[in-house]
Structure formats: C-alpha cells, structure tokens
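Input: a single structure, listed below in structure tokens.
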Amino acid sequence: MVCGQRVFLALGANLGDRQGNILQALQYLQAKLEVVKVSSFYETDPVGYLDQPRFLNAVCEVETDLSPHDLLRLAKWVEQRMGRTVTFRNGPRPIDVDVVLYGDTVMDEQDLTIPHPRMAERAFVLVPLAEIAPDVVDPRSRLTVSELAQSVDRSGVKKSQRCLRFPLDRDVQKGTPEVPFSLGRVGVTGLERIIRLESDRGTSLFYAKMDLFADLDGSKAGVHMSRFSEILEEAAEEAAGSSAPDIETMAERLAFLVAERQEALRSEVRIRAHFPLKKHTPISGKLSQEIYTFIGISACDGKSCRTVSGVEVDGLTVCPCAQDMVRSHSKGLLVSQGYGEDEAERIVDLLPLASHNQRGKATLMIGGAGAIKAENLVHLAEASMSSEIYELLKRPDEFFVVNKAHTNPRFVEDVVREMLRNVVEVSPDLPDDSFVLARQENFESIHRHNAFAERSALLGDLRLEMEGLRPGRPMSLDRWLMGV
Ligand SMILES: Nc1ncnc2c1ncn2[C@@H]1O[C@H](COP(=O)(O)OP(=O)(O)OP(=O)(O)O)[C@@H](O)[C@H]1O
Ligand SMILES: Nc1nc2c(c(=O)[nH]1)N=C(CO)CN2
C-alpha cells in the first residue's frame, strides 16, 4: 500500500443484534488492520430489496498494508465468520463489509470494484462517510464525499445512539441506602496512566498508577459505581492530558477535579510513578541511570488541598548485630593466637568486619506548604541507609559501596531515625505543622521475612523530640490528610 492512503469500509447489519454485529465485525477486522475512526451508527431504510428489516449502518476508516484484494478477502472472512450465508443480492444479512474507498485507487476487476460501484447513490454509506471524512475525494467523480452526500436523498438515514436496551423497572441506586453509613473513600484503585510532568529535560512522559477516591454521604445511595468511575476516568484524562510541574501538583489537580465532579466533601488522590535520575558512580565517575518511585498524595475538601510528596528508594543495609558477633569472634581468634587483649581490640577496630547485608526500601514523605521536592528527598533517604546502590558499578565503585555499607551498619530502626534527623536538620524553614513519614523495609538475606520500621509525625513534634523536650507524638498520614 502507498503510504498515506485513506481506506474506508462500510458496515451494515439487519439481522440479529445489529449493533453487536457491527462492533464484533470491527473487532475481527482489527486482527489484520488498525481501525482509526468509526462513524456514528445510523438506522437506515432498506435499499434495493425493500421487504426486509431496517439496517444499522456505519463506516470506518482503517490503516492497513493489505492490498485491495487482501482487504476484500478479510471482509469476506469477517462476514463468513459471523455466520453470513449466501442469500441474494441486497438481501438480509447479520453483517456486510464492503470496501468503499482505497485512497485514490480506481479499479474495475471481476470480483472487486473500487470505489464501491454503488457508493455514490447510497445515503447509508455517504452520510456516515461524510461524518468522518467530508473532504475525501471520490477518485471516480472527483467530488468530495460531502458533495456526494448532499446529492442523495438522506431521508431514510437517521443517526442512532449506541445503547443497550433492557427493561428497567426500578433504579436501585436512586433509593436511599438500606444501611445509611457514609463511606470514607469510594473510587478506583490501580488506574494506570501515562502522565506528563516537567523535568529538567522539558516535558516528559511517565508511567503512573493512581488511586482516586471521594467520600460518600450516608444518604447518597444514588451513585452508580460505573458512573462514578466514569467521572473519575474523565477527570483523570483531563488532568493527565496537560503537564504538571511535579507529581504532587498533578495529585493536587486531580483531587480538586474529583471533589468538584463528585460534589464530594472530601477527595483523595494517590499517584506513584517511576522516575529516572542520573547519578555518577562514586569512584569511576561513570554516569548511571537510577529508577526511583515518586509519590504524590493529595486530599481536597473542595477549597484547599493537603498534599504530600514522597519517594521510595532502594539501598543497602548491613546488620550491626551480626557484625558485632563477627567482631567478638574475630577478637577471640586473635587472642587464641597469642595476641594480647588490647592489641586484639585495636585490630578488630581497624579491620572491616563481615555481616549479613540486604537490599532495603526507604520511603520518605513530606507534606505541607513548601515541602521538599521528591527529587531532593531521594538523596535524604539514600543517605540514611548503610549505603546507596547503583545500577552500574565498576570494581572500585563496588568496593566503595561494600566498604561504606560495612562502616555504617544500620538496623531498620536506625534508617528511619536517620531519615527523620536528616529532614529536621535540612528544613529549619518548614512550618511545624508539616507532615513527615519515614519508613524502612529490609528484605532480609538471612530470613524469608522482612524487617520493618516506621514513624510519622508533625515536623514540630519531631523538632521537640530531637531536643529531648517532648516524648514522641504520632500523627498518621490519614489523620494529617484529614486535617484532624
Ligand atoms: N468494493 C467492493 N467491496 C465489497 N465487495 C465487492 C466490491 N466490489 C466488488 N465486490 C464484489 O461483490 C460481491 C458481492 O458482494 P456482497 O455480497 O457484499 O453484495 P451485496 O452486499 O448483496 O450487494 P452490494 O455489493 O450492492 O453491497 C463480492 O463477493 C465481491 O466480490
Ligand atoms: N439501508 C441499507 N440498505 C441496504 C444495505 C445496507 O447496508 N443498508 N445493504 C445492501 C447490500 O449491500 C442493500 N441494501
């Protein structure tokens, strides 16, 4: 096929589930070509042989490498696959697929004529065709489709809504709920989207997973779940279509939209996306690309939002406990070999000591006005583990990582405390009511289970606690988002 050819097929059905048949035919066609546009469906009076049920007609534009004959073969296969039997010309059928236009090709062969020989007289072809391709020129008459459509009687062709009719004697959702509880979060989870965010390289596309929720009043049973997710989908489309400066701003925009569309008192949006950041390896200075998970969470009451930015970062942790046992053991060995106590102590202080180590996942989130950006949080979280890790490590880099990790043995608790300290120390300018969450999960190498630690609190409380001025007060992410 010559590139840029516009190819159009006409579809018609007047037996069985006509709408279902056209949709099914479109699905079968896509086994071998790409359907790029489909017209509305039209209810049409039968033409040619009149004593038969009314037709449903549509036209689609397709993109294909198939030759005209292969396209005809595909059309015939679809007709036969859908149970069309040989009847008579213009007779009733579950589906008819005709090749209407194939670019500017004009051909007259025994089994194939292009443009379709009766196209110019058929309103049931021209009206849907004019809807999706008014300016396309019929290479035989040199008239545009819209001109051809003007010159036929269109009275027997009526646009029809695609619908599924079924007897609806009551609308369950319209009643009051049987149990009048209000619900905190109703919505969709795991919605996958490509989002646009501004990065240092301009606007980039990122793969993201989102959860979108609105609260639901106890008197409101009237929300159809499908309608609900439809609105959320629409809101997600709208907000995901335009770029945002960062993931938390994207979450905030979506939260506003959801609250507005759902007329909800409260909405909540959570987004996670994978971000590539460039890092230099520690010794050889090679550039490597590291993938981090950025998190944006926002809760909105229709007027204002509470927004959190966060990161999930992989790193390395070395177990202090096992290292301490290795130390005692090594010292004992030295003493048994005739070294004095003090000397043995100095030697084990000097030499690197083995321990078990594992990959760990640090999560660090900050919420509130002027919060630290996810890109910066990455470094605070990485610096809190025994060592950061790299995708690319030349041998001196590898030694650096192993040595650094064994010089900084840390339990999960240590990592969380380090993160909290880092946040408190680097952000003296953030308000006391900022939210901080630090979490560490270690995928233990000597167990099948993981080790876990977490703390979340208001920054002001962490400041006092670090000074020893007040015992720890917890604040959960959910409560902070709720403004409780
Ligand atoms: N452009 C075309 N698209 C589809 N079939 C075509 C075309 N040109 C010629 N034909 C030939 O017409 C034959 C009959 O087609 P089909 O069974 O669809 O006829 P019909 O739907 O009863 O009437 P009509 O061709 O007027 O729509 C096909 O087997 C095919 O070889
Ligand atoms: N309204 C309408 N009439 C027809 C149709 C059709 O698709 N719609 N197809 C025919 C044979 O191709 C004959 N007559």
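Reckoned from all heavy atoms, side chains included, excluding hydrogens, waters and symmetry mates. On a predicted model such as this, the values are computed, not experimentally measured, just so you know. Start at 1 and go down the list; that is how both ligands and their atoms are numbered.
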Test item: side-chain donor near acceptor, Thr317 and Asn442, under 3.5 Å: yes
Any Gly48 heavy atom less than 4.0 Å from ligand 2: no
Heteroatom proximity flag, Gln52 to ligand 2, N/O under 3.5 Å: no
Identity and separation of the nearest protein heavy atom to atom 11 (C) of ligand 2: Asn90 OD1, 3.4 Å
Arg81 with Glu79: basic N within carboxylate O range, under 4.0 Å: no
Salt-bridge present (Glu43, Arg54; N to O < 4.0 Å): yes
For Arg93, the ligand 2 atoms whose distance to one of its heavy atoms is below 4.0 Å: 11 (C), 12 (O)
Nearest-neighbour protein heavy atom for atom 5 (C) of ligand 2, which is reported as residue plus atom name and distance: Phe124 CZ, 3.3 Å
Least distance between heavy atoms, Pro53 atom then Pro46 atom: O-CG, 4.0 Å
Of His379, Gln289, Glu382, the residue whose pairing with Lys279 passes side-chain hydrogen bond (donor to acceptor under 3.5 Å, both in side chains): Glu382
Distance-only side-chain donor-acceptor flag, Thr307 / Glu252, under 3.5 Å: yes
N/O donor-acceptor pair under 3.5 Å between Glu290 side chain and Glu391 backbone: yes
Sorted by chain and number, the residues that approach ligand 1 to under 4.0 Å with a heavy atom: Leu72, Lys76, Arg84, Arg89, Asn90, Arg93, Asp96, Asp98, Val99, Asp111, Leu112, Thr113, His116, Arg118, Arg122
Salt-bridge contact Asp215-Arg185 (side-chain N to carboxylate O under 4.0 Å): no
Shortest reach to atom 3 (N) of ligand 2 by a heavy atom, considering only Asp98, Asp96, Val47, Asn57: Val47
Pairs where residues 285-309 contributes a residue and the test ring-ring contact (aromatic ring centres under 6.0 Å, His included) is met, not counting sequence neighbours: Phe275-Phe294
